Amino acid sequence: MDIIKSLRSLIGETAVLDAVDTASRSAGVWRPDNLRAAALARPASTDEVAQVVQWCHKNQVKLVTAGGLTGLVHGADAEPDQVILSLERMRTIEEINPQQRTATVQAGVTLQALQEAVEEYHLMFPLDLGARGTATLGGNAATNAGGNRVIRYGMMRDMVLGLEVVMADGTIVSSLNHLIKNNAGYDLKQAFIGSEGTLGIITRLVLRLREQPVTRNMAFVGLDNFEHVADFLRHMDRSLGGTLSAFEAMWGEFYGLVTTPPAKGSPPIAQDYPFYVLVESQGADRELDTQRFNNAMETAYESGLIVDAAISQSESDCHHFWELRDDVEQTMHGGIPVIFDISLPIAAMDEYTATLRQTLGQVIGDHKLWIFGHLGDGNLHVIVQVQADDYLRLRPLIEQQVYAPLAAFQGSVSAEHGIGLEKKPYLHISRSETELALMRTLKHALDPTGILNPGKIF
Ligand code: ZN
């Protein structure tokens, strides 16, 4: 059986890369561990995807679907005998319907391309994350991406109205629903959203668009203690009449990191508070929105909830504030970062982080710890930086310290990044035996011979 020859006969000579050409893509976003595949297939249509999958199914060749490869949990790693299926040639925005406020896209369209395409209709696609230029909408759906505006619009799951999926045997299930309400039986798309390519291959999507906000008000805020951070969230949400669009918390060390050289950003407020919050409101009324935002900030200050704040005066201020929050790359200087994405109740965060700080010091000794995240969603990113020489030895110890205490708080080992290969050993912390058994039942029903993204999640 010649994989390359067979696949080329199905979808064309140039549409299939051999192992060497696949490996030569190492520059750029492709990580080395993704390059060990037998072939990389680049189908140009759903029918071609189906043909590739059908062939792989018949010949028991395992398939890993690749989107933008910006995931952080090794969810798209392949093995040398497997085929990578890349949807990079399926990049057409097929329809934007301003009245229904939907977009129909092929799965390889990047998040940013859709965001830009809907602007001229005064619409927005509200999912937003740092990798927007590379991440694909199919990948966003397969991993149920989150990002910065979940507090207002929900996760990817909440923005998908319909999907077209190629099943493990090559059957095409077209469920391209355009309706917001459709309770006609099981909501099939939800089984595939967040399934990390293990249940089917998403080829097309119908996405829900929203009205483009016209105003933006932001503040960078300093706070004394965590209780005030939690209270400030409720205060702003209550005061802003539904226009709160982001509430990002940063522990003091992270703020220091992104506002001190070599970082390019300058600090909008002093660097000695234990907690910082980036709060954003998006609305539609140029005068009232700013007034309401400033009033909410003022009452927070007067009641002692916040101790310091820089309020945006322009779009460029807003841009600068977001740049600070997004400058996660700074954690790569001077060591290797171990990156976590966890969820837990807001009420448990202070105790959890204080305990983590203590136990990490005891267990791994010298390290750096940065904590920040989408507080409004109960989602923290914890980054522990260690020296390169210690990385392999310390990584499992760090994982243990970060994940084990989550069970007591009914927290999650993955808030928005998924499980992939990286978090497989820890899935049981957040899911019960019966939940895991039901997941396996579903996997077995939809992919009985296990050819789709084998070994991922569980
Ligand atoms: Zn995040």
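Order of listing sets the numbers, starting from 1, for every ligand and every atom in it. Side chains included, hydrogens not; waters and symmetry mates left out as well; all remaining heavy atoms used. Keep in mind it's a predicted model, so treat the numbers as computed, not measured. Sequence positions, counted from 1, serve as the residue numbers for this chain.
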Item checked: V279 side chain near M218 side chain, heavy-atom distance below 4.5 Å -> no
Notebook entry, point to check: Any cation-pi pair here, R440 with F458, using under 6.0 Å and within 45°?
Noted result: yes
Item checked: N, O or S atom within H381 nearest to the Zn ion (ligand 1), by name -> NE2
Checklist line | the Zn ion (ligand 1) to H374: nearest N/O/S atom name | finding: NE2
Note to self: Just checking F254 against Y276, ring centres under 6.0 Å apart?
What the structure shows: no
Check: Hey, does the side chain of Q385 reach the backbone of H333 with a donor-acceptor pair shorter than 3.5 angstrom?
Finding: yes
Note to self: To make sure I understand the geometry: which N, O or S atom in E416 is closest to the Zn ion (ligand 1)?
What the structure shows: OE2
